[in-house]
Amino acid sequence: MSGQKDQASKQSWQCCKCKIPMKTGKVRITYMGNDFTIELLKCPECGLVLVPEDMAVRKMLEVEKSLEDK
Ligand SMILES: [Zn+2]
């Protein structure tokens, strides 16, 4: 085999730290004082969550707050 990549066939997101494919999983976030459980792409290794850009601006702020609160 000649180390060729075939990542064009399927769009998969990689964790920027671990370089492994992210998997869909339920993630608990806090938004407007309420807890939500939504499905997002999550790294099975380090737990990094991928949030779509349009959601990221608003929701990641809340997620960060809830993480700081631990
Ligand atoms: Zn990772």
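For ligands, and for the atoms within them, numbers begin at 1 and follow the listed sequence. None of these values were measured; they are calculated from a predicted model. Sequence positions, counted from 1, serve as the residue numbers for this chain.
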Distance in Å, [X] [atom1] paired with [Y] [atom2], rounded so as to fall on 0.5 Å steps:
X: Lys17; Y: Glu45; atom1: NZ; atom2: CD; value: 11.0 Å
X: Cys15; Y: Lys23; atom1: SG; atom2: NZ; value: 13.0 Å
X: Cys43; Y: Lys19; atom1: SG; atom2: NZ; value: 11.0 Å
X: Leu48; Y: Leu41; atom1: CG; atom2: CG; value: 10.5 Å
X: Arg28; Y: Thr37; atom1: CZ; atom2: OG1; value: 5.5 Å

- Query: Do the side chains of Ile20 and Gln14 get nearer than 4.5 Å, heavy atoms only?
  - Reply: no
- Query: Which residues and atoms, protein N, O or S only, are under 2.8 Å from the Zn ion (ligand 1)?
  - Reply: Cys15 SG, Cys18 SG, Cys43 SG, Cys46 SG
